[in-house]
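What follows is one structure encoded as structure tokens, with my remarks underneath.
Numbers restart at 1 for each chain; the letters A, B, ... are given by sequence-line order, proteins then strands. Treat the numbers as computed from the prediction; the structure is a model and nothing was measured.
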There are 2 protein chains.
Amino acid sequence: MENIVRHFDQYLSLNEEEREALTSRLTARKIKRRQFLLQEGDLCKHFTYVVEGCFKMYGVDKSGKEHNLLFAAEDDWIADLDSLHKERPSSLFIEAIEPCSVLQLSKGDLWYLYTNFPKFDRNFRVIVEDKYIELQNRLLQTFSSTAYERYAFFLAQYPQLSLRLPNTQIASYLGITPEFLSKIRNERTGK
Amino acid sequence: MENIVRHFDQYLSLNEEEREALTSRLTARKIKRRQFLLQEGDLCKHFTYVVEGCFKMYGVDKSGKEHNLLFAAEDDWIADLDSLHKERPSSLFIEAIEPCSVLQLSKGDLWYLYTNFPKFDRNFRVIVEDKYIELQNRLLQTFSSTAYERYAFFLAQYPQLSLRLPNTQIASYLGITPEFLSKIRNERTGK
DNA sequence: ACTTACCCTTAATCTAGTTTAAGACTATTT
DNA sequence: AAATAGTCTTAAACTAGATTAAGGGTAAGT
């Protein structure tokens, strides 16, 4: 709980009343490795704050291959906003890569906070804006650099994550096969 | 001006006071075809609402090729949020594809509205969330479908835009060359 | 400690999409 | 009305990255 309160201190920090409203509505859960927070076809019902561990959110194409959209580790938020807000079945999976502990807000609780404390509108606006910026940079990179460059950039941007994740997951995030990533890695160390 | 007021009616609609606060701060501008709203290296200083016409936002890779991140036409918002919020030089261009008329909010005015009328925090939160969802779907599609499928999807999703835009711009948006798009189009009509 | 399942690598073959080049068409500007 | 600049197409040669296959390594769960 301290984690999430400190998290909000980065934005407009919460007063006594807001903190109480938030913490009384959060549900703490432990998620095992390989357990799902969300599966294709489900309605996404929660906005999830990661206290510990790491999740991947991915889609599966018609040939059954997984494509990682993002990872969420400590102090990050994760949800399929499309499903959560538009109330339609998700086309995505959210799966624990490590044993995780999380704090969850239901859609109803989120709305309660938005309606009664404008600060949450503000803070979540900023949080979503930051995520939008990340996604925009990722899309631009996907179009304008080679797999080799994208891997180098991933290592530079997420050095800690790159050590925790199996290469097969990184490959899926970069939009390449594990075999090709292996080749790239080999060329790097060969220098 | 009526356009933008109607635009906000989709969300929490504005009362008299909010409407006045908004409209008194908007600056109307005409932008000619091929004129830039933003160039690489500039600071993005405005959030721009498109009343008429169409813009493209794109990045240029080191070999000089353009990669379209998005188009913004009537009733849409456009800005490089990264540059606007983080106050760093943009790596993007925003250029008019058609003669345009826009309404602009400066960063300071935006902040004034956020601070004095929480409804703007709410409405812009929802606007950015919708744009996040769009981008997330686009990224997933880029990873998990062929160029042929992405083109078909683009036609289905933006039928009106596809008629207004030259194919070379659509190709750049899909992440392929105009030559390859021409081939795809040829295969389609050949059926 | 065992074992099962995942993970990493290498290498040969293959393919979706790029590059280069060239010609015809079509807007926009003067 | 001419001229210039952007647009669309076709086709041949090429390349980044996929696929298939196979062997060895390493970590998780029992």
Taking every heavy atom of B:S90 against every heavy atom of B:L38, the minimum-distance pair comes out as OG-CD2, 3.4 Å

Requested in this report: Give a yes/no on whether any side-chain N or O of A:R185 is located under 4.0 angstrom from OP1 or OP2 of C:dC8.
Outcome: no

message: Counting only heavy atoms from other residues, nucleotides and ligands, does the tally under 6.0 Å from CD of B:E87 exceed 12?
response: no

- Take atom C1' in C:dC7 and the same atom in C:dT3, then report the distance between them in whole Å. 16 Å

### Message
Tell me whether A:L69 shares a hydrophobic cluster with A:L84, the cluster being built from Ile, Leu, Val, Met, Phe, Trp, Tyr side chains joined at under 4.5 Å.
### Response
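Per the 4.5 Å side-chain linkage, A:L69 and A:L84 are co-clustered.
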
Per the salt bridge (Lys or Arg N to Asp or Glu O under 4.0 Å) rule, what does the pair list look like for [range], sequence neighbours excluded?
{"range": "residues 22-46 of chain A", "value": "A:R25-A:D109"}
{"range": "residues 126-140 of chain B", "value": "A:K86-B:D130, B:D76-B:K131, B:R125-B:E129"}
{"range": "residues 10-22 of chain A", "value": "A:E16-A:R19, A:E18-A:K119"}
{"range": "residues 162-182 of chain A", "value": "A:E74-A:R164, A:E98-A:R164"}

- Task: Measure from the side-chain N and O atoms of A:N123 to the backbone N and O of A:L12, and report whether any donor-acceptor pair falls under 3.5 Å.
- Result: yes

Is a side-chain N or O of A:R122 found less than 3.5 angstrom from the main chain of B:D121, in a donor-acceptor match? no

Those stems involving DNA chain C that have three or more consecutive Watson-Crick or G-U pairs, both distances under 3.5 Å, are C:3-6 with D:25-28, C:9-22 with D:9-22, C:24-30 with D:1-7

5' to 3', nucleotides 10-30 of chain C under a 4.0 Å protein heavy-atom cut-off (B base, S sugar-phosphate only, - none) gives B------BBBB----------

Ring pair (Phe, Tyr, Trp, His ring centres under 6.0 Å) filter on A:F143, not counting sequence neighbours, yields none

Under a 4.0 Å heavy-atom criterion, DNA chain D is touched by chain B from D:dG6 to D:dT10

* Asked: With sequence neighbours left out, which residue pairs that include part of residues 97-118 of chain A fulfil the ring-ring contact (aromatic ring centres under 6.0 Å, His included) condition?
  ->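 Passing the test, one end in residues 97-118 of chain A: A:Y114-A:F124.
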
Numerically ordered, the residues 154-171 of chain B set in heavy-atom contact under 4.0 Å with DNA chain C is none

Check your understanding: Counting only non-hydrogen atoms, which of residues 54-64 of chain A are less than 4.0 Å from DNA chain C?
Key ->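 Hits under 4.0 Å, by residue number: none.
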
For A:F93, the other hydrophobic cluster members (4.5 Å side-chain criterion, sorted by chain and number) are A:F36, A:Y58, A:V60

Side chain to side chain donor-acceptor pair (under 3.5 Å) test vs A:N68 passes for just one of A:K56, A:E95, A:Q169, namely A:Q169

OG (B:S83) and CG (B:L92) are apart, to the nearest 0.5 Å, by 8.5 Å

- prompt: Any luck finding a side-chain donor-acceptor pair between B:Q136 and A:D80 under 3.5 Å?
  reply: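 Side chains of B:Q136 and A:D80: pair found under 3.5 Å.
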
